[in-house]
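Counting begins at 1 with the first residue of the sequence.
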Amino acid sequence: MPDTALLMSEEVREALERRSPVVALESTIIAHGLPRPRNLRVAEELEEVVRTVGAVPATIAVLDGRAHIGLDKAQLERVANDDSVRKLGHRDLAPALAAGASGATTVSATAFLAARAGLRVFATGGLGGVHREWTETQDESADLALLARTRITVVCAGVKSILDVPATLQRLETLGVGVLGYGTGHFPGFYLRSSGEPVDWTVRTPGEVAAVMRAQDALGGPEAALVVANPVPEAEQLDPALHDRVLAEALEECGQRGIAGQGVTPFLLDYLARKTDGASLEANLAAVRGNVRLAARISAAWAQA
């Protein structure tokens with residue numbers, strides 16, 4: 001990517017030059033994931049969480065055809081409030097830059113741009129994955145293939161339970177993307193502490209994660225990502241019985257309405273939020289906060305190493 005297309009904030013640039021900890025943050029949650037004005041408050045809160053742990057936040061977005069690694073206050077406000085800000089995956093970056101467009105970055109786009117800028121740790125809510133009914137729709141998130149060829153550590157709360165979690169884990173294994181359970185032997189279910197699916201490796205400290213990152217580099221080979229699956233705190237997870245009941249209702253209604261393809265995920269997420277009286281959204285935010293805090297601690301351990 002030419003230097004003219006990638007703009008790094010002075011704060012992020014100086015932190016990288018000093019080898020200080022930096023955490024990449026996606027911007028889709030700001031532009032498209034939360035209602036206004038709460039979206040801006042959450043964006044500012046997440047950046048402050050990173051700073052509190054002693055790291056520098058690098059929220060990533062595309063503005064007027066330029067990829068920004070780190071946003072100032074005015075840019076953050078623009079992403080939160082401008083209706084023309086699009087949703088950009090990795091495949092959308094080149095057209096957006098060529099057209100001079102503005103957009104918030106998803107997991108795949110954020111991971112790609114962060115890695116190109118030299119960032120090693122990225123915090124998000126949940127990964128995309130393999131969708132239910134994959135055998136009929138062949139619907140799979142672009143996140144997975146991008147992470148298979150991008151050396152970055154992604155701290156997440158697993159994948160949303162509306163997806164096919166076992167198939168997603170199998171796909172990550174096939175693609176060679178490492179998965180670590182942080183303090184858990186089970187893969188988180190985003191809104192829930194556990195999806196019920198086991199993970200092969202468990203780590204318990206940021207230093208242990210940094211050690212795995214160093215081993216990745218020492219081994220060389222494919223530039224695959226490392227997924228750190230961090231469960232939402234038990235007290236802040238969505239009630240499992242409520243989750244299971246509402247999700248079953250949502251899936252049934254989705255089928256009755258004939259909703260398919262890209263319309264499935266937003267329908268299910270909206271249904272969950274409405275039928276749980278916003279409890280799913282609060283569990284979402286609790287997971288994101290925890291992931292951002294852990295990512296900052298991992299970045300600090302990595303910088304010290």
Quick one: does [X]'s side chain get under 4.5 Å of [Y]'s, heavy atoms only?
| X | Y | value |
| --- | --- | --- |
| L163 | V130 | no |
| L76 | E47 | yes |
| I69 | L119 | yes |
| Y271 | L247 | no |
| T28 | V107 | no |
| T124 | N291 | no |
| R51 | P57 | yes |
| V155 | I298 | yes |

Query raised in the report: Less than 4.0 Å between a side-chain N and a carboxylate O, is that true for E249 and R245?
Result: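 Answer for the salt bridge query: yes.
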
Query raised in the report: Any ion pair linking K73 and E77 (charged N to carboxylate O, less than 4.0 Å)?
Result: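 Salt bridge flag = yes for K73 with E77.
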
Quick one: closest heavy-atom pair of [X] and [Y], and the distance?
| X | Y | answer |
| --- | --- | --- |
| F187 | V159 | CE2-N, 3.7 Å |
| G70 | S9 | O-CB, 3.8 Å |
| V227 | C156 | CG1-SG, 3.7 Å |
| A111 | I152 | O-CD1, 3.9 Å |
| V79 | A61 | CG2-CB, 4.0 Å |
| P21 | G54 | CG-O, 3.5 Å |

Atom [atom1] of [X] and atom [atom2] of [Y]: how far apart are they, to the nearest 0.5 Å?
| X | Y | atom1 | atom2 | value |
| --- | --- | --- | --- | --- |
| I162 | L272 | CD1 | CG | 7.5 Å |
| S195 | K160 | OG | NZ | 14.5 Å |
| E48 | R41 | CD | CZ | 16.0 Å |

Report task. Apply salt bridge (charged side-chain N to carboxylate O under 4.0 Å, His left out) to the pair R171 and E140, showing each step before the final yes or no. Result -> CA-CA 10 Å; R171 188 72 175 128; E140 175 184 316; 3.1 Å; yes

Report task. Would you check, one step at a time, whether the test side chain to side chain contact (heavy atoms under 4.5 Å, CB included) holds for Y191 with N284? Result -> CA-CA 6 Å; Y191 301 117; N284 179 342; 4.3 Å; yes

Going only through I, L, V, M, F, W and Y residues with side-chain contacts under 4.5 Å, is there a path from [X] to [Y]?
| X | Y | answer |
| --- | --- | --- |
| V23 | V209 | no |
| L285 | L40 | yes |
| I29 | F122 | no |
| F267 | L269 | yes |
| L175 | L180 | no |

Query raised in the report: Does CD in Q256 sit with more than 12 non-hydrogen atoms of other residues, nucleotides or ligands closer than 6.0 Å?
Result: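 Check passes, neighbour count above 12.
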
Determine all donor-acceptor pairs shorter than 3.5 Å in which one atom belongs to a side chain in residues 30-39; sequence neighbours excluded.
unit_1, atom_1, unit_2, atom_2, d
H32, NE2, V85, O, 3.4
H32, NE2, R86, O, 3.3
R36, NE, A80, O, 3.0
R36, NH1, D83, OD1, 3.0
R36, NH2, N81, O, 3.1
R36, NH2, D83, OD1, 2.7
R38, NH1, E282, OE2, 2.7
R38, NH2, E282, OE1, 3.1
R38, NH2, E282, OE2, 3.3
N39, ND2, I30, O, 2.8
N39, ND2, A80, O, 2.8

Show me, pair by pair, the donor-acceptor contacts under 3.5 angstrom made by side chains of residues 93-105, not counting sequence neighbours?
unit_1, atom_1, unit_2, atom_2, d
S102, OG, D64, N, 2.9
S102, OG, R78, NH2, 3.0
T105, OG1, S27, OG, 3.3
T105, OG1, I60, O, 2.9
T105, OG1, T110, OG1, 2.8

Query - All pairs passing ring pair (Phe, Tyr, Trp, His ring centres under 6.0 Å) where residues 152-172 contributes a residue, at least two apart - result: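 Ring pair (Phe, Tyr, Trp, His ring centres under 6.0 Å) check on residues 152-172 returns no pairs.
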
Query raised in the report: What pairs meet the ring pair (Phe, Tyr, Trp, His ring centres under 6.0 Å) rule with one or both residues in residues 42-93, with sequence neighbours excluded?
Result: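 Qualifying pairs: H90-F112.
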
Quick one: does [X]'s side chain have a donor or acceptor within less than 3.5 Å of a partner on [Y]'s backbone?
| X | Y | result |
| --- | --- | --- |
| Y182 | R204 | yes |
| T150 | A225 | no |
| R149 | A145 | yes |
| R19 | A303 | no |
| S299 | A295 | no |
| S194 | H186 | no |
| D143 | L127 | no |
| Q170 | P166 | no |

Requested in this report: Tell me, with the steps shown, if V177 and L144 meet side chain to side chain contact (heavy atoms under 4.5 Å, CB included).
Outcome: CA-CA 8 Å; V177 177; L144 304 185; over 6 Å; no

Report task. Let me see the working for L63 and Q75 under side chain to side chain contact (heavy atoms under 4.5 Å, CB included), right down to the final yes or no. Result -> CA-CA 8 Å; L63 298 174; Q75 291 167 336; 3.8 Å; yes

**Report entry** Partners passing salt bridge (charged side-chain N to carboxylate O under 4.0 Å, His left out) against R257 (at least two apart in sequence or in another chain)
**Finding:**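 Only E253 meet the salt bridge (charged side-chain N to carboxylate O under 4.0 Å, His left out) criterion with R257.
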
**Report entry** Short side-chain donor-acceptor distance under 3.5 Å, S161 and H243
**Finding:**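 Yes, S161 and H243 have a side-chain donor paired with an acceptor closer than 3.5 Å.
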
Which atom pairs, donor and acceptor, lie under 3.5 Å between side-chain atoms of residues 212-224 and protein residues at least two apart or in another chain?
unit_1, atom_1, unit_2, atom_2, d
Q216, OE1, R120, NH2, 3.4
Q216, NE2, A224, O, 3.4
D217, OD1, R120, NH1, 3.3
D217, OD1, R120, NH2, 3.1
D217, OD1, R151, NH1, 2.9
D217, OD2, R120, NH1, 2.9

**Report entry** Name of the residue among L25, V50, L46 meeting side-chain contact (heavy atoms from CB on, under 4.5 Å) with T59
**Finding:**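 One option only clears the test, and that one is L25.
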
Requested in this report: Could you walk me through whether F190 and V232 pass the side chain to side chain contact (heavy atoms under 4.5 Å, CB included) test, one step at a time?
Outcome: CA-CA 7 Å; F190 192 67; V232 64; over 6 Å; no

